[in-house]
Amino acid sequence: SVQNQLNAIYNNQSLQKIALQYTEMQTWIYNTDSTFRIFPLQSIHNPHIGNIEFLKGKYTTPLPKIPSRPWQWKKGEAYSYLIDLMKNDSITYRIILVNGDITESGITSLKQLSEVRKSDLQLQIFWKEKLVAKTMDLIYNITQPKQIIFHHWNNFFVSNDQPLQYFRDANLPAVLKKYNEKGVKVSTMLPFTKVDL
């Protein structure tokens, strides 16, 4: 669905386009020179308000142009990703990018892959503490990363001319303090900044 929404971009650039089939078992996907690879993990998008999900649905055919209205962007299917940076067929750095609740089959794959190599970094979606904390702890215990960086915590519903805010239900300051006091290195990044890995 995402590729169909971004079809106009793919048509104008030499990007590697690989369609994922959500119900099928996944395998590693390598970039053209094998300097990194990704393993898709089927995930479930959390509801937005109560049990309600916005922008449900998916595109099954390529769109001629990029959607111009917010309601034209459909959620499609959610994935989290295990990402390996490679050198000479060896893993130099591993990232687990969590974008929702990973399905049972995704967790099984993640456990198997983590027996071979633990993660260095967990990029964790964190917008509502009660919805994400259980999954975050589960993934942390499986992959045992050296640090966690929260993403998707900033309130993008406010106007761009307003100060940056975190989602109120994230309880971000208290959560950061709680995990760091337990010895789990947790932080956030401001939008459009970078971090040295």
Please name all residues satisfying side-chain hydrogen bond (donor to acceptor under 3.5 Å, both in side chains) with [X], sequence neighbours left out, ordered by chain then number.
| X | value |
| --- | --- |
| Thr35 | Asn31, Asp33 |
| Thr143 | none |
| Gln124 | Gln122 |

Beyond-backbone contact of [X] with [Y], side-chain heavy atoms, under 4.5 angstrom:
| X | Y | answer |
| --- | --- | --- |
| Leu121 | Pro145 | no |
| Thr61 | Asn4 | no |
| Tyr81 | Leu123 | no |
| Pro40 | Ile29 | yes |
| Val175 | Phe150 | yes |

Spacing of [atom1] belonging to [X] relative to [atom2] belonging to [Y], to within rounding of 0.5 Å:
| X | Y | atom1 | atom2 | value |
| --- | --- | --- | --- | --- |
| Gln26 | Tyr79 | CD | OH | 5.0 Å |
| His152 | Trp127 | NE2 | CH2 | 7.0 Å |
| Leu110 | Leu138 | CG | CG | 8.0 Å |
| Leu41 | Asn99 | CG | CG | 10.0 Å |
| Thr60 | Lys58 | OG1 | NZ | 8.0 Å |
| Ile38 | Trp28 | CD1 | CH2 | 9.0 Å |

Minimum heavy-atom distance Met189-Trp153, with the two atoms named: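 Nearest heavy atoms, Met189 then Trp153: O-CZ2, 3.2 Å.
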Distance-minimising heavy-atom pair for Thr193 and Leu190: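 Scanning both residues, the minimum pair turns out to be OG1-O, 2.5 Å.
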ring-ring contact (aromatic ring centres under 6.0 Å, His included) partners of Tyr179, counting only residues at least two apart: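 ring-ring contact (aromatic ring centres under 6.0 Å, His included) check on Tyr179 returns nothing, list empty.
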Residues which pass ring-ring contact (aromatic ring centres under 6.0 Å, His included) with Trp73, listed by chain and number, not counting sequence neighbours: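 Trp73: no ring-ring contact (aromatic ring centres under 6.0 Å, His included) contacts found.
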Non-neighbouring partners of Ser43 that pass side-chain contact (heavy atoms from CB on, under 4.5 Å), sequence neighbours left out: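 side-chain contact (heavy atoms from CB on, under 4.5 Å) list for Ser43, sorted by chain: Ala78, Ser80, Ile102.
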Listed pairs under 3.5 Å, donor-acceptor, residues 161-173 side chains, sequence neighbours left out:
from	atom 1	to	atom 2	distance (Å)
Asp161	OD1	Ser159	OG	2.6
Asn171	ND2	Glu129	OE1	2.8

Can [Y] be reached from [X] by stepping across I, L, V, M, F, W or Y side chains whose heavy atoms are under 4.5 Å apart?
| X | Y | result |
| --- | --- | --- |
| Ile66 | Val2 | yes |
| Met86 | Ile83 | no |
| Leu97 | Val195 | yes |
| Ile95 | Ile91 | no |
| Val116 | Tyr93 | no |

Can you run down the salt bridge (Lys or Arg N to Asp or Glu O under 4.0 Å) pairs that involve [range], sequence neighbours left out, and say none if there aren't any?
| range | value |
| --- | --- |
| residues 62-74 | none |
| residues 131-140 | none |
| residues 85-105 | Asp84-Arg94 |

Any donor-acceptor pair under 3.5 Å from His151 side chain to Val98 backbone: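 Here the side-chain-to-backbone pair exists.
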Any donor-acceptor pair under 3.5 Å from Asn180 side chain to Val186 backbone: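 Flag set: sc Asn180 to bb Val186 pair under 3.5 Å.
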Co-members of the apolar cluster containing Phe192 [side chain, <4.5 Å]: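 Other cluster members: none.
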Any pair counted as side-chain hydrogen bond (donor to acceptor under 3.5 Å, both in side chains), so long as it reaches residues 109-121, sequence neighbours left out: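 Checked against side-chain hydrogen bond (donor to acceptor under 3.5 Å, both in side chains) - neighbours excluded - the pairs reaching residues 109-121 are Arg117-Asp120, Asp120-Lys146.
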Residues, nucleotides or ligands: over 12 heavy atoms within 6.0 Å of Phe36 CZ: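 No, CZ of Phe36 has 12 or fewer neighbouring heavy atoms, counting only those of other groups under 6.0 Å.
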